[in-house]
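Everything below concerns the one structure shown next.
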Amino acid sequence: MNSAPSAAGVLVAPIAAALNPSCAGGDHAGVLLEHTVLRWLAELVGFPHRPGGGLLTSGASMATVVALAAARQHAVGRDGADVREEGLYGRPPMVLYVSAEGHSCLRKAAELLGLGSRHVRVVPVDGGFRMDVDALRALVTRDVRAGLRPFCVAASAGTVNTGAVDALDEIADVVAAHGLWFHVDGAYGALGALASGAASAGYAGMVRADSLVLDPHKWLGVPVGCGCVLWRDPALARATFSLIPAYLCDDHEDGLGWFSEYGPEQTRPFRALRTWATMSHLGRDGIIRLVGTTVRLAHTLAAMIEAAPDFELLAPVSTSIVAFRFHPVDRTTGWTTSTAGSPRSSSTAGAPS
Ligand SMILES: Cc1ncc(COP(=O)(O)O)c(C=O)c1O
């Protein structure tokens, strides 16, 4: 999850510190490089990119707040109101759907945005720890009937427990049928789309997201402190956050505005340099190799665990995460020491402990 830092990222860190720009906006290397890096990240995973279509953040937790704020703004706007002006007063509760394996930052964001954790629906998962799409459908239908306002489904492209990638394409269909916002948490796993063969198959619907979170400081190995959110429609994000007092007016702005209009931060550090250096050094082929190698290693480890009598694989391997446990066999009986006292199943059973 938290990779070793890339050498290139470490080497340029002092330069970013010495230059010490604020990347709120303006016409300087920090800002230009951030635009470049955002386009590169989107292109890397095949996400549609328009200028202004992303923001570097401190990490995925902040990126999630920014993404869900835009989703909330959009949904309330479609109902003919403005959440920035009116807040959520007097509205039906807005409901967010996450899987039981979704990251806690989703619930934190919902709480922070005034949605209330009571209105975060936890959708059960299937045997592969992926969101149960039928259950999602049923929950949305039930909430609509109850007069609530479903507004966003947050799917996972690589969960923290098992690396599971939800059925993104199928979920996108449900989202489209109900006119919801499709958020994908690819903080750790979005880069898995670069793996070859079956490993990347589950990512097909990722390009349909309205917002995608993808952390350079995870699989890519950028030194910690660099998350990212990408949007399909940058104008929506700008409409969510833009606030320009007289002392921040830029008569020469380029039409995209400042990064500080796309998120809550005003003074922003030079996050792009470490990401730019890491990506430049590896190149696209190098990043594909990095992903391929780690996915291959995960499968090798999984095979070793399956062959070892005292270890148990707890989930299918779909990215670079292997969930397993030590589960010793009683040599006298040949049975495991599980509390149920039953022989161990040979494959993937049960939730990770
Ligand atoms: C899938 C997923 N989403 C979100 C996060 C939160 O990311 P951050 O710690 O960068 O805020 C993590 C962190 O491990 C994660 O694995």
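Hydrogens, waters and symmetry mates are skipped; everything else that's a heavy atom, side chains included, is used.
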Closest approach of V83 and V76, non-hydrogen atoms and distance? N-CG1, 3.7 Å
Do L297 and T293 have side chains that get closer than 4.5 Å, going by heavy atoms? yes
What side-chain donor-acceptor pairs closer than 3.5 Å can you find for residues 7-29, not counting sequence neighbours?
unit_1, atom_1, unit_2, atom_2, d
S22, OG, A24, N, 3.3
S22, OG, R268, N, 3.3
H28, ND1, G30, N, 3.3
H28, NE2, S22, O, 3.2
H28, NE2, G25, O, 3.3

Quick one: closest heavy-atom pair of V317 and L313, and the distance? CG2-CD1, 4.5 Å
What pairs of donor and acceptor atoms, side-chain ones from residues 124-143 against any protein atom, are under 3.5 angstrom apart with sequence neighbours left out?
unit_1, atom_1, unit_2, atom_2, d
D126, OD1, G128, N, 2.8
D126, OD1, F129, N, 3.2
D126, OD1, R130, N, 3.0
R130, NH1, V165, O, 3.4
D132, OD1, D134, N, 3.0
D132, OD1, A135, N, 3.0
D134, OD1, R137, NH1, 2.6
T141, OG1, R137, O, 2.8
D143, OD1, R121, NE, 3.3
D143, OD1, R121, NH2, 3.3
D143, OD2, Y97, OH, 2.6
D143, OD2, R121, NE, 3.0

Output a table of donor-acceptor pairs, distance under 3.5 Å, between side-chain atoms of residues 174-186 and any protein atom two or more places apart or on a different chain; print 'none' if there are none.
unit_1, atom_1, unit_2, atom_2, d
W181, NE1, S211, OG, 2.8
H183, ND1, S211, OG, 2.8
D185, OD1, A187, N, 2.9

Listing, residues 49-71 side-chain donor-acceptor contacts under 3.5 Å, not counting sequence neighbours, or none:
unit_1, atom_1, unit_2, atom_2, d
T57, OG1, G59, N, 3.4
T57, OG1, G59, O, 2.7
T64, OG1, A60, O, 2.7

L33 to W276 - nearest heavy-atom pair and separation: CD1-CD1, 3.7 Å
According to ring-ring contact (aromatic ring centres under 6.0 Å, His included), does anything in residues 190-230 pair up with another residue at least two apart or in another chain? List the pairs. Y188-W219
Under the ring-ring contact (aromatic ring centres under 6.0 Å, His included) rule, what pairs show up with a residue in residues 100-120, not counting sequence neighbours? none
A quick test of your reading: do over 12 heavy atoms of other residues, nucleotides or ligands sit less than 6.0 Å from CZ of R91? yes
F326 vs F311 aromatic rings, parallel, tilted or perpendicular, using cut-offs 30° and 60°? tilted
Test item: side-chain donor near acceptor, E261 and S242, under 3.5 Å: yes
Nearest heavy atoms of A237 and Y262, plus distance in Å: CB-CD2, 4.0 Å
Between E111 and R118, does any NZ, NE, NH1 or NH2 come within less than 4.0 Å of an OD or OE carboxylate oxygen? no
N-O pairing of R274 and E34 below 4.0 Å: no
Among L38, V37, T275, D215, find the one that has a side chain to side chain contact (heavy atoms under 4.5 Å, CB included) with C228. L38
